[in-house]
*Asks:* 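The structure that follows is given in the form of structure tokens.
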Amino acid sequence: MPSLFDGLETPIHIELDDPEGLAAASVVAFAASGGLASSGWPDKPPCNAPSWLAVDTSGIYAAMLVALGYREVMAGRRPPVARISVREGAIAGVTPWTRPLHSHGLETGGQGIITKRLGPTGQPIFPASDGYVRVLSGTPRQWGALVALLGSPEALCGEE
């Protein structure tokens, strides 16, 4: 299958930079992002986010720069050459999600706009055929877009 990048004469150069080795373990990157401050139950130690959330957010920044680079090349311009810090990408993408919500006066799933650990109530967990899925949408608009993207299944369209 041909790639969008086949035949590009100008290389798109994006690096993920991780001199501290934060991406070696998902919990290390999550801790460095500040996410542990509001993750988990109040009466227990902080817990890691699902999967590699902090590292994935850095990857999202890199992917967006690759898309931007592709657009620039297709328009006959030079693409960006960039280095994405895993630490900074994780901080920007994860730093306790309640803080940006606080600045907009919003809350998630009853958690409110405070930045403390309240357990799973802020983000719903649904059973899936191969385990569980936690939904991390922070605003009503994000939730509505996710539900629409999934075809508005009845299980996600109720009041709860």
*Asks:* Let me confirm one number: the CZ-CG distance from Phe30 to Asp56, rounded to the nearest 0.5 Å.
*Replies:* 12.0 Å
*Asks:* Measure the CD1-CD1 distance between Ile60 and Ile84 for me, rounded to the nearest 0.5 Å.
*Replies:* 12.0 Å
*Asks:* Ile12 and Gly69: which non-hydrogen atoms are nearest, and at how many Å?
*Replies:* CD1-C, 3.6 Å
*Asks:* Same cluster for Leu65 and Met74 if Ile/Leu/Val/Met/Phe/Trp/Tyr side chains link at under 4.5 Å?
*Replies:* yes
*Asks:* Would a hydrophobic clustering, with Ile, Leu, Val, Met, Phe, Trp and Tyr connected at side-chain separations under 4.5 Å, put Val66 with Tyr61?
*Replies:* yes
*Asks:* Salt bridge check, Glu20 against Arg87: does any charged N sit closer than 4.0 Å to a carboxylate O?
*Replies:* yes
*Asks:* Are the side chain of Ser51 and the backbone N or O of Leu53 linked by a donor-acceptor pair below 3.5 Å?
*Replies:* no
*Asks:* Testing the basics here: between Ala29 and Ala90, what is the closest heavy-atom pair and its distance to 0.1 Å?
*Replies:* O-CB, 4.2 Å
*Asks:* Looking at Ala32 and Ile91, what are the two nearest heavy atoms and their distance?
*Replies:* O-CG1, 3.8 Å
*Asks:* Applying the 4.5 Å side-chain criterion to the ILVMFWY set and letting contacts propagate, would Val55 and Leu16 be lumped into a single cluster?
*Replies:* no
*Asks:* Are Glu72 and Leu68 close enough that some pair of their side-chain heavy atoms sits under 4.5 Å apart?
*Replies:* yes
*Asks:* Locate the shortest heavy-atom distance separating Cys157 from Val147; write the atom from each residue and the value.
*Replies:* SG-CG1, 3.8 Å
*Asks:* Of all heavy-atom pairs between Leu36 and Ala31, which one has the smallest distance, and what is that distance?
*Replies:* CD1-CB, 3.4 Å
*Asks:* Quick one: does any side-chain atom of Asp18 pair with a main-chain N or O of Ala23 as donor and acceptor, under 3.5 Å?
*Replies:* yes
*Asks:* Would you say CD of Glu88 has more than 12 non-hydrogen atoms from neighbouring residues, nucleotides or ligands within 6.0 angstrom?
*Replies:* no
*Asks:* First locate atom OG of Ser58, then atom CG of Leu22, and finally report the distance between them rounded to the nearest 0.5 Å.
*Replies:* 9.0 Å
*Asks:* Is the closest side-chain heavy-atom distance between Asn48 and Ser26 below 4.5 Å?
*Replies:* yes
